[in-house]
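Following: one structure in structure tokens, then a few remarks.
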Amino acid sequence: MSDRIIIFDTTLRDGEQAPGASMTIDEKLRMAHQLARLNVDVIEAGFPISSPAQFEAVQRIAAEVEGPVICALARAREEDIRAAAEALKPGRRTRIHTFIATSDIHIDAKFGDDRYGRTLAEKRRTILRLAEEAVRLARTFTDDVEFSAEDAGRTDVGYLAEVVQVAIEAGATTINLPDTTGYCTPDEYAAMFREVIRRVQPPPHVIFSAHCHDDLGLAVANSLAAVQAGVRQIECTINGIGERAGNAALEEVVMALKVRGERFGRLQVNIVTQYLTETSRMVSMATGFPVPPNKAIVGRNAFSHEAGIHQHGVLRRRDTYEIMRAEDVGQEPEQIRLGRHSGRHGLFSRLAKLGIEVPEERKEEIYRRFLALADLKKEIYDEDLRRLVAEQPDENPEALYQLMEMHVATGTHRAPEAEVQILNRATNTLHIGRATGDGPVNAIYKAIDQAVGAAHELVSYELRSVTEGADAVGEVTVVIDFNGTRFKGVARHTDVLRASADAYLEAINQLEQYRADRESVSFVNAGIMQSFGGAAA
């Protein structure tokens with residue numbers, strides 16, 4: 001038994017059959033070059049008989065892509081096999097992959113016509129003959145012929161062994177027994193291979209192959225179980241794309257064999273794993289299928305840590321929570337993601353990496369404000385952190401007015417309405433303002449003016465996004481005018497209406513502070529003048 005696992009990539013054939021995943025010829029060619037860079041052993045480039053575009057794609061890949069064996073699919077029909085051979089003609093290392101259905105369910109559905117026989121036994125004999133003829137014809141074009149028994153996972157094992165025996169005697173060098181419908185469990189799938197191999201006793205040059213679908217989420221598990229049963233080729237796709245629920249994901253199969261090598265007898269896998277994430281993203285771009293964030297190996301969150309306990313552990317020693325190195329699969333190492341579950345270690349470690357030193361006396365305040373922001377945002381980005389440290393604490397003890405509550409209502413056929421509750425700290429009284437406006441911000445400002453008992457002249461209003469994401473922090477800058485003197489308020493919040501209200505109130509508070517300072521100066525000056533007047537008398 002060989003100590004090497006052949007990685008047979010069918011992203012460009014079975015993967016592309018996923019509804020909506022079709023690629024242009026140029027996209028398939030680019031992907032084939034990337035798969036060669038990834039160092040897959042076999043590229044199944046397409047199904048030439050199915051369309052002129054499929055034929056051309058296989059032909060161009062065979063002519064232009066070097067390294068892997070280039071394979072084309074063909075039903076057990078003469079016209080299919082000749083089309084595959086013609087498309088592969090420019091290639092140096094090529095394989096014809098021919099298949100026929102073998103399960104009773106498939107025989108009933110596909111070979112129901114009496115010309116294949118009137119009984120199940122007769123139909124089975126017809127399939128044996130068609131399989132033999134297909135393999136023999138394929139061998140006239142190439143020495144590398146793969147035969148698949150479609151729906152092998154639900155085929156009677158005795159009949160399956162007969163089909164395999166016929167295919168090997170006709171010249172097949174690879175025997176694929178697929179779990180076409182994703183029906184098998186790992187122990188069943190492995191037992192099927194063991195029994196077929198025991199009955200057939202294949203010659204050493206024949207490789208058995210697993211091709212698993214993911215209808216029950218078991219495609220990778222079944223593929224690995226097959227390896228333990230003697231299989232030495234795994235058929236898989238990047239990101240696990242394919243018919244229905246997809247195929248076994250190449251990146252998961254490969255890394256399982258590498259990370260858990262001791263469980264599989266240290267089998268050799270020639271994939272350049274550092275290109276896994278890059279290849280995954282290329283397939284996602286070409287097909288339009290996004291990679292789920294929690295996708296194993298290549299997902300955005302695969303090496304990310306948000307929980308404080310996990311961050312603390314990973315920062316001390318990566319293998320506390322990471323069973324492989326992120327850089328080994330082309331991901332960024334030590335991805336500390338900051339959010340509401342993060343702890344102090346994660347926060348201050350990220351700040352240190354950004355070159356931001358936080359004085360000891362500010363750490364508790366920064367952490368408290370970080371948690372407050374994390375309750376509003378799903379993820380805290382580096383720009384959020386820079387601004388968090390640069391800003392002073394939100395509370396201004398000298399501010400006269402404080403926003404306690406705000407409600408805003410708007411709609412397609414109604415004027416925006418706002419209600420605010422403003423605390424006057426000097427008198428410790430709560431004032432309520434209600435107003436309608438041309439827009440929600442205008443309504444809020446009118447309501448605030450009503451609550452504080454004075455109208456204010458708005459000179460400018462500016463809103464901009466200061467951080468990333470759909471829940472980005474919005475920064476509002478407001479300028480108001482009082483007798484030719486201008487006062488600016490700036491506020492930031494994930495809710496731009498809240499930021500608008502806070503900025504406006506900050507500008508009003510600055511105006512009130514200005515008035516208080518002027519009154520204080522006037523009072524002092526009056527006292528000084530009174531003193532001078534008294535001395536002169």
Side-chain angles (χ1 to χ4, degrees), residues 337-340 342 365-366 368-396 399-423 430-452 454-482 486-512:
R337 304 281 287 278
L338 297 180
R340 66 191 305 172
S342 301
E365 168 239 321
I366 292 294
R368 176 176 53 80
R369 290 170 59 216
F370 161 77
L371 291 178
L373 181 59
D375 279 337
L376 300 172
K377 292 196 65 177
K378 290 183 179 179
E379 183 172 352
I380 306 299
Y381 297 97
D382 291 347
E383 186 58 29
D384 291 310
L385 296 179
R386 291 188 181 95
R387 290 189 171 274
L388 197 69
V389 174
E391 291 173 0
Q392 293 304 310
D394 296 333
E395 290 294 324
N396 178 4
L400 177 62
Y401 298 116
Q402 181 180 354
L403 178 65
M404 304 302 292
E405 193 74 42
M406 180 177 77
H407 301 282
V408 182
T410 187
T412 307
H413 302 295
R414 62 182 289 185
E417 301 173 0
E419 178 183 300
V420 297
Q421 295 180 18
I422 304 293
L423 176 67
L430 193 66
H431 300 271
I432 298 175
R434 299 185 183 90
T436 59
D438 296 333
V441 174
N442 181 245
I444 291 168
Y445 288 179
K446 285 183 176 180
I448 290 174
D449 284 349
Q450 186 186 104
V452 301
H456 299 90
E457 181 184 352
L458 180 65
V459 175
S460 70
Y461 171 92
E462 180 185 348
L463 167 65
R464 70 187 185 95
S465 174
V466 295
T467 60
E468 303 176 56
D471 53 359
V473 172
E475 179 184 82
V476 175
T477 303
V478 166
V479 177
I480 61 174
D481 184 272
F482 174 72
R486 296 188 171 186
F487 303 90
K488 183 171 76 171
V490 180
R492 300 177 184 90
H493 205 280
T494 53
D495 181 346
V496 295
L497 295 182
R498 174 62 189 273
S500 299
D502 288 344
Y504 191 64
L505 207 56
E506 183 185 325
I508 293 173
N509 279 325
Q510 290 197 21
L511 165 58
E512 294 301 328

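Scope of the values below: all heavy atoms of this structure, side chains included, with no hydrogens, waters or symmetry mates. Computed from a prediction, not measured in an experiment: that's the story for all the values here.
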Task: Candidate pair Asp449 and Tyr504, rule side-chain contact (heavy atoms from CB on, under 4.5 Å), full reasoning - done: CA-CA 10 Å; Asp449 284 349; Tyr504 191 64; 2.9 Å; yes
- [ ] Would you name the heavy atoms of Lys446 and Thr436 that are closest together and state the gap between them?
- [x] CD-O, 3.3 Å
Open item on the list: Can you list everything that forms a ring pair (Phe, Tyr, Trp, His ring centres under 6.0 Å) with Tyr401? Sequence neighbours excluded, please.
Closed with: none
Task: Taking every non-hydrogen atom, the tightest pair across Ala491 and Ala503 - done: CB-N, 3.4 Å
Task: Partner set under side chain to side chain donor-acceptor pair (under 3.5 Å) for Tyr445, not counting sequence neighbours - done: none
Task: From Leu458 atom CG to Asn442 atom CG, the distance as rounded to the nearest 0.5 Å - done: 9.0 Å
- [ ] With sequence neighbours left out, write down each residue that passes side chain to side chain donor-acceptor pair (under 3.5 Å) with Gln450, or none if nothing qualifies.
- [x] none
Task: Short side-chain to backbone donor-acceptor contact, Glu512 and Ala399, under 3.5 Å - done: no
Task: Separation of Glu506 CD from Leu403 CG (nearest 0.5 Å) - done: 13.0 Å
Task: Nearest-0.5 Å distance, CG of residue Leu497 to CD1 of residue Ile444 - done: 4.5 Å
Task: Residues forming a side chain to side chain donor-acceptor pair (under 3.5 Å) with Asp502, sequence neighbours excluded - done: Arg498
Which atom pairs, one a donor and one an acceptor, fall under 3.5 Å between side chains of residues 411-423 and the rest of the protein, sequence neighbours left out?
| from | atom 1 | to | atom 2 | distance (Å) |
| --- | --- | --- | --- | --- |
| Arg414 | NH2 | Glu417 | OE1 | 3.3 |
| Glu419 | OE1 | Arg434 | NE | 2.8 |

Task: Pairing residues for Asp481 by the salt bridge (charged side-chain N to carboxylate O under 4.0 Å, His left out) criterion, not counting sequence neighbours - done: Arg486
Task: Rounded distance (nearest 0.5 Å) linking atom CD of Glu462 with atom CD of Glu475 - done: 7.5 Å
Task: Approximate separation, where rounding is to 0.5 Å, of Leu505 CG and Gln510 CD - done: 11.0 Å
TODO: Report the residues that fulfil side chain to side chain contact (heavy atoms under 4.5 Å, CB included) with His431, sequence neighbours left out, ordered by chain and then residue number.
DONE: Asn424, Thr429, Ala451
Open item on the list: So which atom in Val496 and which in Gly474 form the shortest heavy-atom distance, rounded to 0.1 Å?
Closed with: CG1-CA, 4.3 Å
